[in-house]
Amino acid sequence: MFDDSRTANARRSTAPDQSDADDSDDRDGAARATAASTSDADEPTVDSAETSSSDLLAGRTRRRFLGTAAAGLTAGLAGCGSALSSGSGSDGSAVDVVLAGAPSGLQKYQCLVEQDGDAPITEVKPVLVGGEEFQVVNGGVKSASVVVRAADLSESVGSFEETRTLFTLTFGADVDPDALSLNVSTATNDDGESIPADRLQLTVAGDSG
């Protein structure tokens, strides 16, 4: 017959100790927490000072870009203005580019005036269509030729039968009008139809009436 006390002791020695299991669980939980903490520490972080510095740099870059764009725009306008007049007087020749009637009005035009010689242009003066609606495309002041274009965006030019001046050119020396040539690339009326090129002519300034 077995001794019950020895059997009970054997069972207690072989059964897992509950307190040991609890201690093991506590150690596992602490290890996981430590690992998670270490993982979080390894992640790159950006503090508020670095963020503020980045935002400030971006703001400065944007202001620098806008300032450069504004300077470019100002330079472009100044260049356009200098192509209209040299700012000095001239005793040379002046010629008008005229339009001999526009029964259906004038929508836009573009033309080239060039010469056999090399007398420099000292002024390009718009007459019929001016302001921001008139532009020197190429050449102009200090050049021997000029390409201009204009568009009656404000619709200020109505129909007319008489001859009217489109623009006037002044040269720094005497120029024979016969040595000048006019090439019309575009001329349309308010209906979008082409205006005959021979309606645009070169005359001595003041002779167009």
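Just the heavy atoms: all of them, side chains too, but no hydrogens, waters or symmetry mates, feed the values below. Note that the structure is predicted; figures quoted are calculated from it, not measured.
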Side chain to side chain contact (heavy atoms under 4.5 Å, CB included) evaluation trace for C111 with V148: CA-CA 6 Å; C111 61; V148 304; 4.0 Å; yes

Stepwise side chain to side chain contact (heavy atoms under 4.5 Å, CB included) test for V98 and Q201: CA-CA 5 Å; V98 301; Q201 305 164 3; 4.0 Å; yes

Pair Q115, L180 - check side chain to side chain contact (heavy atoms under 4.5 Å, CB included), show working. CA-CA 4 Å; Q115 59 175 309; L180 297 172; 3.4 Å; yes

How far apart are the C-alpha atoms of F171 and V95, what are their side-chain angles, what is the distance that settles it, and do they pass the side chain to side chain contact (heavy atoms under 4.5 Å, CB included) test? CA-CA 9 Å; F171 294 87; V95 297; 3.9 Å; yes

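When all heavy atoms of A94 and T170 are compared, the closest pair comes out as CB-OG1, 4.0 Å. Contact detail for T122 and V141: the closest heavy-atom pair is O-CG2, 3.7 Å. The minimum heavy-atom distance between L182 and L200, with the atom names listed, is CD2-O, 3.4 Å. Shown here for S154 and E133, the closest heavy-atom pair between the two residues is N-OE2, 2.7 Å. Contact detail for P103 and R199: the closest heavy-atom pair is CD-NH1, 4.3 Å. The shortest heavy-atom contact between G139 and S143 is CA-OG, 3.7 Å.
A donor-acceptor contact shorter than 3.5 Å links the side chain of S93 to the backbone of V175. The main-chain N or O of T165 is never found under 3.5 Å from a side-chain atom of D96 such that the two would form a donor-acceptor pair. A donor-acceptor pair under 3.5 Å is absent between the side-chain atoms of R149 and the main chain of Q135, judged by distance alone. Under the 3.5 Å distance criterion, the side-chain polar atoms of S185 are matched with a main-chain donor or acceptor of Q110.
The side-chain heavy atoms of L106 and L166, taken from C-beta on, include a pair separated by under 4.5 Å. The closest side-chain heavy-atom distance from V124 to L169 is below 4.5 Å. For the pair V97/V113, a side-chain contact is recorded, criterion being any heavy-atom separation below 4.5 Å from C-beta on. Counting only heavy atoms from C-beta outward, the side chains of T186 and Y109 never approach each other to under 4.5 Å. Within the 4.5 Å cutoff, no side-chain heavy atoms of V136 are placed close to those of V147.
Within 6.0 Å of atom CG in D191, more than 12 heavy atoms from other residues, nucleotides or ligands are found, so the atom counts as buried in its surroundings.
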